[in-house]
Amino acid sequence: METLIRVLETALPVFITLGIGMLCRTKHILTRDGVAQMKSVAVNIALPAVLFSAFATAEYSKDSVAIPVTIFLLCCVALALGFVASKLLKVQGERTPFLMTGFEAGMLGYGLFALLFKGESNSSFAIIDLGQVLFVFTLYKILLCGRGGLKSALRDALVSPVLWAIIIGLIFGASGLYDALKPSGVSGILDSIAGFIAAPTSALILLSIGYDLVPGEIRWRSTAAIVGLRVVIMALMLGAALLVNRLLLGGAMHTGALVLMFILPPPYVLPVFADAGDERANISSALSVLTLLSIILFAVMAAIL
């Protein structure tokens, strides 16, 4: 009974908020433009507050530096496997390999982590996320955009509130400035401000995801191969990550945060770069199914932990 209550306490808010998002679409409570603005608030205001707090309060050591490097390399391997497997299995879509790597931590992961590990700092998830953020802003974006990839990646990085929040949080945390400001009470004030701004992050993100989930529009047949391939590759990468964490990093990575990261869907920005209409539809279908799968696996994690 206690396990059931814990699962309901953790997973039910997610499913209800997703349902409310879907209801907002069917009842025309929100418009597409309104949801786009809500996403913008979540990603450009609320999420940076989460990230600043997470990186400012993180503990830094040699092992913590190795964590993002490990995740970056695993993302690279997953992308390479995506290219090879897509070709061998003849899975259609020029952008399909990019669905095999990267994680939507910003729009989904942090909200789920906060629900799953109540009272714990986001820093254990953030330090893992750092590796894939660097991957998405560099190699991933460059390969997606072709010749203009490097300039585009640098331009997006320079104007991204998410990346600046990470950088400023790293400066505060790694330099010891955050701890040095504790006696004066400044750190407490920063925590209060960041916490207040970050509070609606999960609800805003889940509402917008729910609004975009339209099961009737999913191309189930063409999506199945993509989803199956992503699941297999992520299972292999998670196994490798757990081995590296145990054998080389001495358990420095938070196991729950690591598992949560690898069950997340690919970055939601991918459809923006799919020029062909048919491919964009297939990618969106795959992202929708993988998001639903992530929520189901999240509920399973809630039952186990």
Side-chain angles (χ1 to χ4, degrees), residues 67-109 128-150 152-153 156-157 218-245 253 258-298:
I67 292 172
V69 173
T70 299
I71 300 301
F72 183 95
L73 292 175
L74 288 173
C75 286
C76 293
V77 173
L79 180 61
L81 288 176
F83 275 105
V84 172
S86 296
K87 187 174 182 179
L88 289 176
L89 300 177
K90 298 180 180 179
V91 180
Q92 296 182 346
E94 182 183 348
R95 312 284 183 174
T96 295
F98 293 94
L99 285 163
M100 305 303 144
T101 189
F103 311 97
E104 190 45 67
M107 284 289 286
L108 188 60
I128 294 173
D129 180 41
L130 178 58
Q132 79 93 26
V133 166
L134 293 173
F135 170 77
V136 169
F137 271 98
T138 55
L139 184 61
Y140 188 85
K141 183 73 182 293
I142 291 168
L143 291 175
L144 271 173
C145 297
R147 293 180 180 178
L150 180 57
S152 177
D156 287 352
I218 295 174
R219 300 182 175 188
W220 294 100
R221 182 173 297 179
S222 60
T223 299
I226 295 174
V227 173
L229 189 56
R230 164 86 183 188
V231 169
V232 170
I233 290 176
M234 286 299 102
L236 292 172
M237 294 301 97
L238 175 58
L242 291 172
L243 282 174
V244 170
N245 188 41
M253 284 191 276
L258 188 60
V259 174
L260 179 61
M261 180 66 75
F262 278 86
I263 69 170
L264 294 175
Y268 288 158
V269 298
L270 183 54
V272 176
F273 304 105
D275 297 328
D278 289 343
E279 188 178 3
R280 187 182 298 111
N282 286 333
I283 289 172
S284 296
S285 293
L287 287 174
S288 296
V289 173
L290 286 166
T291 298
L292 289 171
L293 181 60
S294 296
I295 299 299
I296 293 169
L297 292 174
F298 163 79

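All values below were derived from every heavy atom in this structure, side-chain atoms included, with hydrogens, water molecules and symmetry-related copies excluded. In this text the structure is predicted, and so the values were computed from the model without any measurement.
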- [ ] Take Phe103 and Leu108 through the side-chain contact (heavy atoms from CB on, under 4.5 Å) test and state the conclusion after the steps.
- [x] CA-CA 9 Å; Phe103 311 97; Leu108 188 60; over 6 Å; no
Open item on the list: For Tyr140 together with Phe72, are the ring centres under 6.0 Å from each other?
Closed with: no
Got [X] and [Y] here, is their nearest side-chain heavy-atom distance under 4.5 Å?
X      : Y      : result
Gln132 : Thr101 : no
Ile71  : Leu258 : yes
Leu143 : Phe98  : yes
Leu73  : Phe135 : no
Ile263 : Met234 : no
Val231 : Leu293 : yes

TODO: Check step by step if side-chain contact (heavy atoms from CB on, under 4.5 Å) holds for Val136 and Lys141.
DONE: CA-CA 6 Å; Val136 169; Lys141 183 73 182 293; 5.8 Å; no
Which pair of heavy atoms, one from [X] and one from [Y], lies closest together, and at what distance?
X      : Y      : result
Ala85  : Leu229 : CB-CD1, 3.6 Å
Ser285 : Thr223 : CB-OG1, 3.3 Å
Leu287 : Thr291 : O-OG1, 2.7 Å
Pro97  : Ser86  : CG-OG, 4.0 Å
Met253 : Thr70  : CE-CG2, 4.4 Å

To the nearest 0.5 Å, what is the distance between [atom1] ([X]) and [atom2] ([Y])?
X      : Y      : atom1 : atom2 : value
Leu264 : Ile295 : CG    : CD1   : 9.0 Å
Phe137 : Ile142 : CZ    : CD1   : 12.0 Å
Met237 : Leu242 : CE    : CG    : 11.5 Å

TODO: For a side-chain contact (heavy atoms from CB on, under 4.5 Å) with Phe262, tell me which candidate from Leu236, Ile233, Ile128, Leu74 qualifies.
DONE: Leu74
Is a donor on one side and an acceptor on the other found under 3.5 Å between the side chain of [X] and the backbone of [Y]?
X      : Y      : answer
Arg95  : Ile283 : no
Asp129 : Ala105 : no
Glu104 : Pro265 : no

Open item on the list: Checking Leu260 against Leu297 for the side-chain contact (heavy atoms from CB on, under 4.5 Å) test, could you report, in this order, the C-alpha distance in whole Å, the side-chain angles of both residues, the deciding distance, and whether it holds?
Closed with: CA-CA 9 Å; Leu260 179 61; Leu297 292 174; over 6 Å; no
Open item on the list: Quick one, Met100 with Ile226, criterion side-chain contact (heavy atoms from CB on, under 4.5 Å). Give me CA distance, side-chain angles, the key distance, then yes/no.
Closed with: CA-CA 8 Å; Met100 305 303 144; Ile226 295 174; 3.8 Å; yes
